[in-house]
Structure formats: C-alpha cells, structure tokens
Amino acid sequence: MPDYDPKTIEEKWQKRWEDEKSFKVEADPSKPKYYLLEMFPYPSGRIHMGHVRNYTIGDALARFKMMKGLNVLHPIGWDSFGMPAENAAIQNKSHPDTWTHDNIRAMTAQIKRLGLSYDWTREITTCEPENYQWNQWCFLKFMERGLVYRKNSEVNWCESCNTVLANEQVVDGLCWRCDNEVVPKQQEGWFFKITDYADRLLEGCKDLAGGWPEQVLTMQKNWIGKSTGAEVDFQIKDSKESIKVFTTRPDTLYGATFMVLAPEHPLTVSLSRGTAQEKTIDAFIKEVKSQDKIARTSEGGEKLGVFTGVHAVNPLNGETIPIWTANFVLMDYGTGAIMSVPAHDQRDFEFAKKYDLPIRVVILPPDGNTNADDLKEAMTELGPMTQSGVFDGLADDEAKLKVCAHLQSKKIGKATVQFRLRDWGVSRQRYWGTPVPIIFCEKCGTVPVPYKDLPVILPLDAQLGDKGQSPLKTLDSFINVPCPKCKAPAKRETDTLDTFICSSWYFDRFTSPHEKKAPFSKDSNRYWMAVDQYIGGIEHAILHLLYSRFFHQVFRDMGLVASKEPFVHLLTQGMVIKDGAKMSKSKGNVVDPDHIIDRYGTDTARLFILFAAPPTKQLEWSDQGVEGSFRFLKRVWRLFEGSKNIFDSKPVGDDTGAELQIKLKELRRMIHVTIKRVTEDIEKRMQFNTAIAAIMEFVNHLQKFFEGEMNHTHDPSTKGQALFKEAMETLILLLAPFAPHITEEMWEQMGNKGTTLKAGWPEYNEEYLRTDEIEIVIQVNGKVRQKLSVAEGIDEESLKAKSLEDPRIQEWTDGKEVKKVIVVPKKLVNIVVK
RNA sequence: GCCGAAGUGGUGGAAUUGGUAGACGCGCUGGAUUCAAAAUCCAGUGGGGGCAACCCCGUGCGAGUUCGAUUCUCGCCUUCGGCACCA
C-alpha cells in the first residue's frame with residue numbers, strides 16, 4: 001500500500017490546474033456569479049502565516065462555491081507602490097522597481113505552492129503604467145467633479161518617511177508605517193473631498209449591517225463622527241462682526257456664560273488689538289503653538305486660557321458675556337469657536353471653575369436644585385429647560401428643535417451637522433507612487449494633464465536620494481514640460497499619490513484587468529460587482545475600507561458602477577499567534593510557511609489553519625496541531641488505499657429500501673448528516689473548524705464500519721460495498737475545499753473522469769437524516785436523571801407516561817408531588833416535583 | 001469616559017432557536033504491536049466522593065427571570081480592540 005505522499009500529489013495537481021487553467025473565468029450572464037476576494041498583498045518579499053491564513057480561508061470558500069456550481073471570480077494581484085520598496089532600494093543600493101518585481105516573482109512561487117484557486121490571467125500589479133494611469137484618470141475625473149483641491153495647510157508630517165500622511169494614517173500620533181512621531185507642518189498638497197460623502201458613507205453602514213462585522217462598522221461610524229446640532233451667531237459687543245459657534249446642545253443656549261475661541265482663530269488676534277489684553281494674547285498663542293499637538297488634544301491636558309478683552313452678546317437673553325481663547329478649543333473642528341455652558345458641559349465647567357467664570361443652570365436637574373454653587377460637576381444629561389424664558393419646560397429633542405426654529409426665524413442660526421471626518425490628503429512627497437497628473441504654468445496656473453497625454457509615466461531611470469528624497473523633484477526630464485494650454489515652458493507636479501488610491505478600486509479592475517480604454521469595463525463590472533465576500537485583516541477597518549467605499553460612491557455618481565456598496569460581506573480574519581504573541585522576527589516566533597509545506601504538504605497546512613480556530617478568531621499556532629492534521633490526512637489516505645478493491649463494485653438494486661441492515665442504515669444516515677453539517681457550517685456560519693470536525697467524525701465512523709463490516713472474511717454484501725463507495729465519494733467531495741490535492745488524487749484513482757470541482761457539491765436527503773429510535777433525556781427538576789430510547793414518532797402522552805414509569809425516575813419522584821411535566825419534542829422531558 | 005468584542009477542562013476550541021456542557025483535535029495515562037523505536041491501533045481522560053450503581057460541584061464573579069441559563073436581564077471584575085478636551 002503506497003504511503004500518503006503529499007509532495008508528489010500536490011505538485012501533480014498544481015501543475016494540472018495551471019496547465020488546464022482550471023480557475024480561469026469569464027463573465028457569463030446566464031450563470032450566477034460569486035466574487036470572492038482576499039485583500040491583495042504588498043510584495044514585501046516573503047509570505048507569512050497571516051497571508052496563508054487569509055488565502056486559505058478564501059480558497060476553501062471559493063472552491064466550495066465552485067463546487068456549488070457558481071461562476072466564481074477569485075483573483076489576485078499586487079499592491080506594489082509604497083515606501084518599503086524605497087527603503088529596501090536605499091539599503092540594497094537597488095531600485096524600487098527591481099526590488100518589487102523580484103519580490104513578486106518570489107511570492108508568486110510561494111503562493112502557487114499553496115494550491116489556491118486563483119485566476120492568474122487576471123493578475124494585476126499596481127505599479128505598472130497600464131494600471132496606475134487609471135489612478136491619474138480618477139484624479140482628473142474627480143477633479144472635474146469638484147472633488148479634488150489643492151491647499152496649503154497644516155498637515156501630518158512624518159520625518160522618517162519624509163512625507164505627508166492622511167489623518168487615517170496617523171495612529172496614536174505615530175506614523176502607521178514606521179511608528180515615528182508625526183509632526184505638524186505647513187505644506188501645499190492635494191486633497192480628495194471625502195467629506196462631501198460623509199453622510200452617504202455613514203448611511204451606507206446601515207446597508208452593510210449584517211454583512212460586515214459590527215466592530216468595523218462601529219469604527220467607521222466613529223471615524224466619520226456625525227454630530228447634529230446648531231450653528232449660532234454671537235454678536236460681538238460694540239461691533240458689526242459676529243462669531244459663529246457650533247453646539248450639539250442648542251437647548252442650553254441660555255446657560256452660555258462665556259465664549260471661547262481657538263487660539264488659531266483669526267478673531268483671537270484681531271479682537272484683542274487695542275485692548276489691554278493684546279500682549280497677553282500674543283504670548284498665549286505663542287505658548288499654545290509650541291505645545292505638543294498630542295498633549296494638547298489629549299483629555300488629561302491642562303485647560304489653559306486667557307481673556308481677549310472683548311465681550312459678545314448672548315443672542316437669546318441679550319446678556320453680555322466675555323470672549324476667551326483657550327487651548328482646548330480646536331480650529332479644525334466645528335467653527336473653531338464655542339459657546340461655553342459650564343453647568344452642562346464638563347470641560348466648560350472645569351474651565352469656569354479654574355478662571356472663576358459664572359455658571360448658570362438651565363436644564364432642570366432631577367432634584368430640582370438650580371443653584372449653580374451646589375454643582376460638583378457638569379449636569380450633562382438632557383432634561384427640561386429652565387431659566388430659559390419662553391422655552392422653559394421644553395425638553396430633549398423638542399427643546400432643541402424649537403430653539404433651532406427660533407434661531408432660524410431670527411436669522412441668527414440654524415440646525416446643522418458636523419463631521420469628524422476630514423478631507424483625504426493624497427499628496428506624497430515620495431518617488432515610488434503614481435505621479436500626480438498636474439502641470440504648473442506661470443501663465444495658466446494649475447493645468448490638468450489632458451487625458452490623451454496619460455499616463456504620466458514614473459521615470460524608472462531615476463535614483464533615490466540617500467535619505468529617500470524623491471528624484472522627481474530634481475529630474476529635469478520629468479519636471480520640464482510645455483504647458484498643455486499655452487505651450488510655454490512649465491513644470492510638472494512632483495508629488496505622487498497615496499498608495500491607498502491603488503487599493504481603492506483594484507477590485508473593479510479585476511473584473512476586466514486588460515481593459516485598455518477605461519479603468520474597467522462597465523459591463524464586466526456590472527456582472528461581477530459587488531464583491532460577495534471580502535476577506536482581510538482588521539487593520540484596514542478604516543483606511544482602505546473607507547477609501548474604497550468613497551471611490552465606489554463617486555464611481556456610482558459617475559455611472560460607472562451599479563452596486564450600492566463595493567463589499568457585501570466582509571470577514572476580518574484573526575491574527576496568527578504563537579506562544580501568545582503575534583508572529584514577528586523580533587520575537588523569534590515566526591513559522592515559515594515553506595518549511596511547513598516541505599515537511600507536511602499544503603493540504604496539511606491548510607487543514608490545520610482552518611481547523612484550529614474559527615476564521616474570525618485569533619489562531620494559536622501549534623506544531624502538534626499540525627501533526628494532528630497530517631495524521632488525519634494519512635488516516636484518510638490509508639482508509640482509501642485499504643478499501644480500493646471494492647470501488648469497482650456497481651450498486652445492485654435499490655439501496656433505499658427498509659430491508660437495509662441497521663449498520664448500513666446508520667452509515668447512510670451518517671453520510672447525509674455529515675453533508676448537512678459541513679454544508680451549513682461553511683455556507684451559513686463560515687465556521688470551517690466545525691465543518692472539519694464533522695468530517696473527522698465521519699472518517700472515524702467510516703473506519704469503524706470498514707473494519708467491522710467490510711473486512712470480514714465472509715463476503716460483504718453488494719449493497720454494503722455500493723454504500724461504502726458512496727460514503728467514500730462523499731468524504732472526498734466534502735473534504736475537497738479544505739484539502740484539494742489529496743482529494744483530487746483520490747477522486748481520480750477512484751476512476752472518476754472529471755475533477756471534484758466538476759463533480760459538484762453533495763446534497764443531502766432529509767429523509768435519510770431520520771432514525772427509528774431516538775434518545776430522550778429525562779430530567780427531574782432540570783437535572784438529567786435518565787436517558788430513554790424511544791420510537792421516533794412517539795406521542796407526547798406516551799412519552800410522559802413512559803418517563804414517569806421509569807424505575808430510576810420513580811426513585812426521584814417517589815413520595816413527591818409531580819407539579820408539571822414539560823415535553824420538548826424529540827429532545828427531553830422535564831418532570832417538576834416538589 | 002464612550003462604543004464594541006470576549007472570558008468554557010491541562011490545551012486549541014464545540015454546544016446553530018433557552019433544552020444532555022466539554023463535539024472534534026492536541027496533550028496526557030494505560031494497553032496492543034515491535035528485539036527496540038517510529039508509525040499504527042484499542043481504552044481512558046473537567047474536579048471531588050464511592051468497590052460499584054451512582055451522587056455532588058462545575059462555563060470570570062454576584063443577583064434575577066425560567067420547569068430548565070454557557071445562551072436572556074441587571075450589577076460587577078478582567079482582557080482585547082476602537083474613539084476621545086469633537087463643542
């Protein structure tokens with residue numbers, strides 16, 4: 001009997017899949033489609049277990065859907081622009097392009113060893129002009145739609161990466177990529193107006209509920225950060241000017257006892273001119289500017305402020321209130337100015353206490369005490385308005401609405417909405433990215449590169465500076481270009497685009513990767529999109545997933561795509577850890593996928609990864625667990641080899657009859673129970689671990705059956721042989737999505753012509769799931785006291801009687817009063833006694 | 001502080017709609033096979049008590065609802081993740 005030899009089997013089938021282009025697909029409107037996508041990799045050099053897990057989960061699902069008869073699009077590509085290529089190039093005195101392509105070659109070889117069902121004819125590499133030209137196209141199209149602008153602003157600057165970062169790329173004040181501190185810097189740059197879509201991106205979260213993990217939706221909602229409230233104009237005393245504030249609590253307007261401007265607010269300086277406070281203000285602004293931004297915006301930070309020397313008028317009660325400036329008011333949120341209601345806002349309360357500013361209670365507390373001196377902290381809950389003139393007694397939403405209506409009628413304010421989301425800064429002062437398709441002309445100003453001149457090619461004959469300075473900024477052949485409008489000498493923009501633009505629409509490109517006239521074909525897109533199942537890490541919960549949703553909305557407005565959202569279902573796979581920590585070189589707990597495959601084969605690696613934990617949970621790597629999976633496959637192989645001689649048998653007669661022996665009936669039941677369990681675990685619950693557990697149980701049963709019934713010295717029945725063969729076929733097909741190579745080999749050796757993919761997914765028959773006798777649990781006062789075997793169709797009364805008659809049960813009910821008997825059909829009987 | 005997820009044997013994890021807690025695997029113990037080992041197979045394996053049949057306890061902690069709670073409610077504890085001087 002030949003041993004299980006994964007190496008030979010896996011190489012054979014991988015070659016065959018490749019030769020026969022088994023996973024190549026075309027759009028076919030007559031067939032139902034399924035688009036399965038794993039987040040495409042960055043070509044860092046080698047794949048790690050995180051990749052393997054990601055792709056294995058995707059592949060199992062893709063193969064399952066293929067077997068189910070769906071037209072499955074399962075593509076792969078390379079997210080190949082970005083900083084690591086530059087850093088590596090500097091280190092190795094190489095070129096980002098060389099490094100990137102070497103890595104892609106190496107990783108392709110690794111990925112191919114995993115036996116994944118990719119349509120390699122659709123492979124895309126984002127750093128190739130035929131792909132990145134469409135980033136430029138998008139930039140220009142977005143610009144036409146008013147969604148792109150250039151501004152000089154304070155941006156997030158990473159000193160180590162030498163570039164600007166988007167807000168989403170700053171994590172706890174540190175660069176998402178290199179963990180260096182991010183500093184503010186004045187910088188000219190390009191922005192995408194993602195804020196125009198804030199409301200739609202938020203609304204879209206409702207459509208995604210159910211399909212996306214709640215955690216990710218919460219993070220997106222938090223990031224967008226919608227607040228509803230009002231804008232109110234406060235007249236500056238003895239002036240025509242007014243200050244606009246944003247508040248979420250218009251119902252507390254009567255309690256505004258002072259105002260605070262952000263130090264950066266233009267009025268802070270201008271108002272103080274000519275007052276006694278002038279010098280104090282200037283010194284204060286200087287002090288705040290020198291303060292660390294993170295320290296300033298963290299809650300523990302000390303609240304500091306000074307009086308501007310000027311007063312404003314509360315528009316509702318006409319009261320004169322002082323205008324202050326303070327570090328806790330931020331210029332980039334709301335209007336950069338607030339009305340302070342110390343009685344009902346904790347920050348305002350602390351500030352008022354510190355600087356001895358007046359406090360007035362205008363929302364009635366539950367105890368009715370409106371004496372501000374008794375307040376220990378701000379009363380932030382909603383409640384009826386008080387000390388608020390005609391509004392007294394109104395509460396909650398109604399109060400807010402009435403105040404807003406009043407403000408609007410007096411033209412001193414209105415209901416409005418604020419978002420936390422900021423526009424997306426897409427300029428990068430780096431080389432290895434998509435050149436921004438813009439030309440600066442002294443006469444014509446900022447001129448977009450005409451579509452016919454696309455792509456603006458990233459010159460590959462340039463060398464990076466030793467600190468990573470972009471050579472584009474000094475490369476004459478790149479910079480100097482005639483103005484497209486007036487033909488006078490002009491200069492190219494030397495910034496490149498954020499790499500996240502590449503990943504914001506690559507899934508659209510996959511639907512028609514060789515399209516020459518557009519980023520993607522509308523027809524192909526209409527057929528394949530949206531992505532039915534997207535799989536990737538939680539680290540993209542905001543960044544990539546928000547940007548992609550934004551692109552999709554814009555494409556939708558442009559009439560390019562039809563679906564509402566790009567990704568219907570999202571699965572965020574858990575991390576792979578070892579010895580309680582994430583695998584990392586520094587911890588020395590990295591397990592190299594290649595070594596595992598060399599030793600056990602891909603099927604074992606795949607099986608272990610899918611079996612050890614549900615896809616969304618973190619996976620603890622266990623070498624012994626891998627051994628276990630290997631052992632299981634060896635057992636399957638042995639069972640197969642040992643029973644080969646009976647596979648020639650042809651079924652004789654009808655094996656569905658009641659005359660089947662008990663053991664055969666039980667085997668038939670196991671076949672159908674297992675099909676049901678595996679199918680539902682994959683399809684409804686995406687829980688591969690329990691699906692595999694069910695297959696293991698099936699194998700255990702088959703093994704016992706084989707040894708007991710098939711291996712007798714006397715002739716086994718023909719019916720038994722036929723049913724056993726059916727069981728083995730079922731086993732192979734059910735196992736195929738998880739361990740595709742070994743199953744394909746067995747399938748072929750059984751004499752089947754096509755592949756398991758063509759064979760289709762087994763169906764179960766409800767009727768065969770039934771048993772004649774079922775086990776009923778008998779409880780007394782909720783505790784299991786007996787188990788009875790009864791006929792499947794037993795009626796409630798007989799079951800009750802049978803339970804009460806049972807001697808073991810009577811020991812418990814003896815001398816007690818039976819209060820109630822609860823019968824759960826086909827499950828249990830609970831006898832309540834006292 | 002707010003929002004979200006989680007907490008089950010020695011271990012990874014099961015228990016799908018409130019109905020037998022611990023499926024399946026790993027590890028461990030004992031046995032078979034072997035000159036021996038590897039491999040394989042068989043049996044056992046939550047804790048405590050008992051010769052045994054069985055009994056008691058047990059899903060982070062404390063209450064509650066229920067005939068019955070790992071599952072639902074309330075209050076805590078711990079861990080992880082996100083947001084946060086956001087007006």
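The basis for the numbers below is simple: all heavy atoms, side chains too, and nothing from hydrogens, waters or symmetry mates. In the text below, chain A, chain B and the rest are named by the order of the sequence lines, each starting its count at 1.
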Criterion side chain to side chain donor-acceptor pair (under 3.5 Å) on A/Q703 and A/E707, from CA distance to verdict: CA-CA 6 Å; A/Q703 213 161 22; A/E707 275 153 24; 4.8 Å; no

Under the side chain to side chain contact (heavy atoms under 4.5 Å, CB included) rule, what do A/I224 and A/L546 come out as? Steps first, then yes or no, please. CA-CA 9 Å; A/I224 295 166; A/L546 190 68; 4.3 Å; yes

Nucleotide-resolved protein contact map, nucleotides 41-57 of chain B, B/S/- at heavy-atom distance under 4.0 Å: S------------SSSS

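Distance, A/I323 CD1 to B/A87 P: 22 Å, rounded to whole Å. Distance CD1 (A/I243) to C1' (B/A87): 15 Å, rounded to an integer number of Å. Atom CG in A/N167 sits roughly 17 Å away from atom P in B/C86 (whole-Å rounding). Atom CG in A/N222 sits about 5 Å away from atom C1' in B/C83, given to the nearest Å. The CG atom of A/L702 sits 15 Å away from the P atom of B/C24 (whole-angstrom rounding). Regarding A/K634, its NZ atom lies at a distance of 10 Å from the C1' atom of B/A38, rounded to whole Å. The CD atom of A/Q346 sits 11 Å away from the P atom of B/C86 (whole-angstrom rounding). With rounding to whole Å, A/I542 atom CD1 is found 16 Å from B/G4 atom P.
Using P as the reference atom, B/U78 and B/G22 are 32 Å apart when rounded to the nearest Å. Comparing B/G30 with B/C74, their C1' atoms are spaced 49 Å from each other, to the whole Å. Taking the C1' atom of each, B/G75 and B/C26 are spaced 38 Å apart, rounded to whole Å. For B/G10 and B/G19, the P atoms lie 26 Å apart once the distance is rounded to whole Å. Separation of the P atoms belonging to B/U66 and B/U11 is 36 Å when rounded to the nearest angstrom. Taking atom C1' in both B/G1 and B/G46, the straight-line distance is 40 Å, to the nearest Å. B/U33 and B/A21 have their C1' atoms separated by 37 Å, with the value rounded to a whole Å. For B/G4 and B/C72, the P atoms lie 15 Å apart once the distance is rounded to whole Å.
Applying the side chain to side chain contact (heavy atoms under 4.5 Å, CB included) rule to A/D396 yields the partners A/L382; only residues at least two apart in sequence or on another chain are considered. The ring pair (Phe, Tyr, Trp, His ring centres under 6.0 Å) check on A/W621 picks up A/F608, with sequence neighbours excluded.
For A/T247, taking side-chain heavy atoms from C-beta onward, the closest of the listed nucleotides B/G82, B/A23, B/A87 is B/A87. Between B/C24, B/A87, B/G19, one nucleotide has an atom nearer to the side chain of A/K827 than all others, and that is B/G19.
Within the shown strands, B/U40 is the pairing partner of B/A32 under the Watson-Crick or G-U definition, both distances less than 3.5 Å. With a cut-off of 3.5 Å on both pairing distances, B/A15 has no Watson-Crick or G-U wobble partner at all. The partner of B/G9 is absent, by the rule that a Watson-Crick or G-U pair needs both atom distances under 3.5 Å. B/U45 and B/G27 make up a base pair, with Watson-Crick or G-U wobble contacts both under 3.5 Å. Both distances falling under 3.5 Å, in either a Watson-Crick or a G-U wobble arrangement, occur for no nucleotide opposite B/U71.
A close approach under 4.0 Å does not occur between any side-chain nitrogen or oxygen of A/N700 and OP1 or OP2 of B/A23. Put simply, A/S227 has a side-chain N or O that comes within less than 4.0 Å of OP1 or OP2 on B/A87.
Between the side chain of A/Y355 and the main chain of A/G305, a donor-acceptor pair closer than 3.5 Å is present. Checked by atom type and distance alone, the side chain of A/E666 never pairs as donor or acceptor with a backbone atom of A/T771 at under 3.5 Å. Using a distance-only test at 3.5 Å, with no hydrogens or angles considered, a donor-acceptor pair links the side chain of A/K354 to the main chain of A/K303.
Each of A/E627 and A/W223 was assigned the nucleotide of RNA chain B with the nearest heavy atom; the assignment lying further toward the 5' end belongs to A/E627.
Using cut-offs of 30° and 60° on the angle between ring planes, the pair A/F630 and A/Y600 is perpendicular. The aromatic rings of A/W637 and A/Y4 are tilted relative to each other, their planes meeting at an angle between 30° and 60°. Ring geometry for A/Y547 versus A/W424: interplanar angle under 30°, hence parallel rather than tilted (30 to 60°). A/H544 and A/H540 have perpendicular rings, their planes meeting at more than 60° on a 0 to 90° scale where under 30° would count as parallel.
Counting non-hydrogen atoms under 4.0 angstrom, A/T218 reaches the backbone sugars and phosphates but no base. Residue A/D348 is classed as having no contact, given no heavy-atom separation below 4.0 Å to the nucleic acid. Within 4.0 Å of A/G628, counting heavy atoms only, lie sugar-phosphate atoms of the nucleic acid but no base atom.
The minimum heavy-atom distance linking A/N589 with A/K578 is given by the pair ND2-O, 3.1 Å.
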I'd like a list of close polar pairs between nucleotides 9-18 of chain B and the protein, N/O only, cut-off under 3.5 Å.
from	atom 1	to	atom 2	distance (Å)
B/G12	O2'	A/A612	O	2.7
B/G13	O3'	A/N689	ND2	3.3
B/A14	OP1	A/N689	ND2	3.2
B/A15	OP1	A/R685	NH1	2.8
B/A15	OP1	A/R685	NH2	2.8
B/A15	OP1	A/Q687	NE2	3.3
B/U16	O4'	A/R685	NH1	3.3

Look for any protein N or O under 3.5 Å of an N or O in nucleotides 67-69 of chain B and output each such pair with its distance, or none.
from	atom 1	to	atom 2	distance (Å)
B/C67	OP1	A/K820	NZ	3.2
B/C67	O2'	A/N830	ND2	3.4
B/C67	O2	A/N830	ND2	2.4

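The salt bridge (charged side-chain N to carboxylate O under 4.0 Å, His left out) pairs that include a residue from residues 812-826 of chain A are A/E792-A/K826, where partners are two or more places apart or lie in different chains.
With a 4.5 Å cut-off on side-chain heavy atoms, A/I363 and A/M385 count as touching.
Glycosidic torsion of B/G9 falls within 90° of 0, placing the base in syn.
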